[in-house]
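The structure appears below as structure tokens.
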Protein chains: 2
Amino acid sequence: MGSTSSDRATMAEIAHAAGVSLPTVSKVWNGRADVSEHTRQRVDELLRLHGYRGRRQWRPDSAGTVDVIFPEIDCAWEGEHLRGIEAAGHAAGVRIVVSSLDRGETARRQLVQRLRAGRTDGAILATVTAAGPLVKALNRMNVPVVALDPASRTAGDMLSVDAANFAGARAAAAHLLALGHRRIGLIAGLDELMCSRARRDGFLAAHDDAGVPPDPGLVERGGFDFPSGVVAGGRLLDRGTPPTAIFAMSDLMAIGVYEAARRRGVSVPDQLSVVGFDDLPGARWAAPPLTTVRQPLREMGALATRTVLGLAGGGVLDTQLVIRESTAPI
Amino acid sequence: MGSTSSDRATMAEIAHAAGVSLPTVSKVWNGRADVSEHTRQRVDELLRLHGYRGRRQWRPDSAGTVDVIFPEIDCAWEGEHLRGIEAAGHAAGVRIVVSSLDRGETARRQLVQRLRAGRTDGAILATVTAAGPLVKALNRMNVPVVALDPASRTAGDMLSVDAANFAGARAAAAHLLALGHRRIGLIAGLDELMCSRARRDGFLAAHDDAGVPPDPGLVERGGFDFPSGVVAGGRLLDRGTPPTAIFAMSDLMAIGVYEAARRRGVSVPDQLSVVGFDDLPGARWAAPPLTTVRQPLREMGALATRTVLGLAGGGVLDTQLVIRESTAPI
């Protein structure tokens, strides 16, 4: 689906490409009989080409259940994702079963056993590494799988839902550069995660755009969580010539930078501008309210649900820079 | 179960009261045959008396599913509750289905229909009003129900899991009084919620204990959320003689007070001490880290799961004052 955020747009494209009306595409999609076999075949083929896994099967033996699998259930992303997943599940008439993988290998095996025994219409893997033995087991069981914010590049035919990480990080860095900052610290996430690499590339691209060489001495690594933001932010602030602004690849790390600044008597944004990534509810509650890149976490969850049910084909949803009070001109 | 936090303790009490060993109680509980009928009846009666709904039925037609119903899925309490619910569900071999009621009457009706059609081993109502038509429908369907942090007094035979709200608020206010504060503002939650009334009573009891009359002019009402904390905190700080300390009945409202203070140039804790309630992860991330009353939200979720499965009898879990950096002597 590339960067298409709405499957309705794609449906219209398919209608256009097939030379039929949008209602006709919808009829094929819904398995209605009042479409010629010729048209049905052509539209079906285009639907498959655009990543639709085939139409939603309202089989009498449908489990009526979608499983969502988190690495752990946390109050950060997971809650927002789940909100969208549950709403879309409600709209589609399926119930949402929640599982966490934070109990290791045994938990994973039990989960696979349960899915095999209990039947499911599909599994949403939320920020879970998309390779791994779990996916292999699900594939063997013919369980449809969607990667939500995939940690790694997904296998060939796995649909995924993601946010525009590159564009978001580029907008964040461009905002700081436009405010006159030239020494911008970067607190990166784990390099093995796809989103970290995309955000780092976006950060560098904004520097390229502005003709400002990024300082490789102002990069620290964190784990997306609050404590690592405190540590990494402290290291940046303790440099001989500290940065005047910091872009952290998550809101929790950005709020960790606040704490590192507070401990050193550095005022945000007067002495240090800070930008985060995610726009969790806590970004609005931070003092000062945090400038950050909004990921549409709920919408991503809803699209993942619709995708795993064959009602959409995945996609990359737009991110948006939300300017609040943690950034100021130098 | 009163204030018993561990059902193992209760099992031991039942063994003592019945004059049998703990393994015998366990045998009765698990429906084992190698217990005399006389003993079985006596222990069964005691188990029922102590709130056990009868032993866990490992029926072949068991749904293997527990439903948890939230008023809405949010990143505050709900995420922490869910973490404990999911872990206990995993341990008991049942899957956890999540539903939200934030779509109103239609959603409630659809939920009831789904529970009727899809079978469930029980429903956890998380911070949901325990009276209401949902509970009546579940009762008619003979679905076991547990109220987790019940919003209202539960009906006669409904088991519930709660935190020690009165004791927690009393400890919070006693802490502020021991620091020398005499003008302590209170930001209360909605009066119709059981937890709000208990926390208000605890706040007043600490004043009684210390012989300090509480100032009824220093009470504001909030909705447990961040924006209402900003508004209520601002009203208290704008009084002719503002309070030197504020106890907010939730962490989110306490962090709203931080924002109100920041906007007025009032420094926490130098010029204003703040105490919250909940100990959400965000309490540790606040600048300064928030002194608050810890509710064991995960443990409450786990106990609710075990209770709805008949493995425990509900109860009231202890709260604990966690002193961080938002409170100081006057």
Side-chain angles (χ1 to χ4, degrees), chain A residues 63-65 67-68 70 72-80 82-87 89-91 93-100 102-103 106-107 110-111 113-115 117-118 120 225-227 229-230 252 255-256 258-263 268 280-282 284-289 298 325, chain B residues 63-65 67-68 70 72-80 82-87 89-91 93-100 102-103 106-107 110-111 113-115 117-118 120 225-227 229-230 251-252 255-256 258-259 261-263 268 280-282 284-289 298 325:
Chain A
T65 298
D67 275 81
V68 52
F70 294 106
E72 63 175 338
I73 296 169
D74 201 290
C75 272
W77 309 266
E78 288 80 0
E80 292 296 300
L82 184 57
R83 198 162 171 157
I85 290 168
E86 195 274 338
H90 172 80
V94 298
R95 56 189 187 173
I96 301 300
V97 173
V98 171
S99 298
S100 162
D102 60 0
R103 285 170 299 270
T106 315
Q110 278 189 273
L111 175 63
Q113 271 181 353
R114 187 173 63 57
L115 291 179
T120 183
D225 59 344
F226 172 80
V230 179
L252 296 184
I255 294 182
Y258 277 32
E259 175 63 11
R262 189 185 69 89
R263 291 182 190 170
V268 176
L280 300 182
R284 294 191 297 279
W285 309 335
R298 285 187 210 171
E325 299 175 41
Chain B
T65 298
D67 275 82
V68 52
F70 294 106
E72 62 176 338
I73 296 169
D74 200 290
C75 272
W77 308 265
E78 289 78 359
E80 292 294 301
L82 184 57
R83 198 161 173 159
I85 289 168
E86 195 273 339
H90 173 80
V94 298
R95 57 189 188 177
I96 301 299
V97 173
V98 171
S99 299
S100 161
D102 60 0
R103 286 171 297 272
T106 315
Q110 278 188 273
L111 175 64
Q113 270 179 353
R114 189 175 61 56
L115 292 179
T120 184
D225 59 343
F226 173 79
V230 179
D251 285 353
L252 297 184
I255 295 183
Y258 277 32
E259 175 62 12
R262 189 185 69 90
R263 290 182 190 170
V268 176
L280 300 181
R284 293 190 298 279
W285 309 335
R298 285 187 210 170
E325 298 176 42

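A quick note: this is a predicted structure, and the numbers were derived from the prediction, not measured. Naming: A, B, ... by sequence-line order, numbering from 1 per chain.
- In this structure, chain B has a heavy atom under 4.5 Å from the side chain of A:Thr65, while its backbone stays farther away.
- In this structure, no portion of A:Pro227 lies under 4.5 Å from any heavy atom of chain B.
- Both the backbone and the side chain of A:Ala87 have a heavy atom closer than 4.5 Å to some heavy atom of chain B.
- When side chains are defined from C-beta on, B:Glu78 does not count as touching A:Leu82, because their heavy atoms never get closer than 4.5 Å.
- Shown here for A:Glu86 and B:Val98, the closest heavy-atom pair between the two residues is CG-O, 3.6 Å.
- For A:Glu72, the side chain to side chain contact (heavy atoms under 4.5 Å, CB included) criterion is met by A:Asp74, A:Ser100, A:Asp102, B:Arg83, not counting sequence neighbours.
- B:Glu259 and A:Ala286 make their closest contact through OE1-O, 4.0 Å (heavy atoms, listed as atom of the first residue, atom of the second, distance).
- Only the backbone of A:Arg284 comes within contact range of chain B, with at least one heavy atom under 4.5 Å from a heavy atom of that chain.
- Contact between A:Leu252 and B:Trp285 at its shortest, heavy atoms only, is CD2-CZ3, 3.2 Å.
- For A:Tyr258, there are no ring-ring contact (aromatic ring centres under 6.0 Å, His included) partners at least two apart in sequence or on another chain.
- Nearest approach of A:Ala287 to B:Arg262, heavy atoms of both residues: CB-CD, 3.5 Å.
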